[in-house]
Amino acid sequence: MLMWVWIAVVVIAVLVLVLAGLRLLGRLSGLNRAARRLQLRQEEALRVQSGAEKLQQTVLGLQQRAEQAQDHLEQIKANRGK
């Protein structure tokens, strides 16, 4: 009789462990999906950052060209004023 009690306790313990394991696996798959989404967002952020850096370089180039044009225009005005 005592042996049947121990068998029942072990069976119940195994069932509890199996249920806990299944719930854990369900949560891990959700975490895995979230990790993949975060990785995709990180890759997108890196692409946006790269584009922003290229745009900044373009703006700096345009600013230099505008300054050169302004200097050139001032020289033309100075030569006309003589």
Check: In Å, rounded to the nearest 0.5 Å, how long is the span from CG of Leu38 to CG of Leu31?
Finding: 10.5 Å
Margin query: With rounding to the nearest 0.5 angstrom, report the CG to CG distance, Leu19 to Leu15.
Written below: 6.5 Å
Check: Taking all atoms of both residues into account, what is the closest heavy-atom pair of Gly26 and Ser29, and its distance?
Finding: O-OG, 2.8 Å
Next item on the list: Kindly indicate whether the side chain of Gln68, heavy atoms from C-beta on, has any atom under 4.5 Å from the side chain of His72.
Entry: no
Next item on the list: Spell out, yes or no, whether Val11 and Leu22 are grouped together once hydrophobic residues are joined by side-chain heavy atoms under 4.5 Å, including indirect joins.
Entry: no
Next item on the list: Any chance you could measure Thr58, atom OG1, to Lys54, atom NZ, to the nearest 0.5 Å?
Entry: 9.5 Å
Next item on the list: Following the transitive rule for hydrophobic clusters with a side-chain heavy-atom cut-off under 4.5 Å over Ile, Leu, Val, Met, Phe, Trp and Tyr, establish whether Leu25 and Leu17 coincide in one cluster.
Entry: no
Checklist line | Steps toward side chain to side chain contact (heavy atoms under 4.5 Å, CB included) verdict (Glu43, Gln39) | finding: CA-CA 6 Å; Glu43 291 170 0; Gln39 186 176 9; 3.9 Å; yes
Item checked: Gap separating the CD atom of Gln70 from the CZ atom of Arg65, nearest 0.5 angstrom -> 15.0 Å
Margin query: Rounded to the nearest 0.5 Å, what separates atom CG in Leu62 from atom CG in Leu55?
Written below: 9.5 Å
Margin query: I need the Arg33 CZ to Arg37 CZ distance, nearest 0.5 Å.
Written below: 7.0 Å
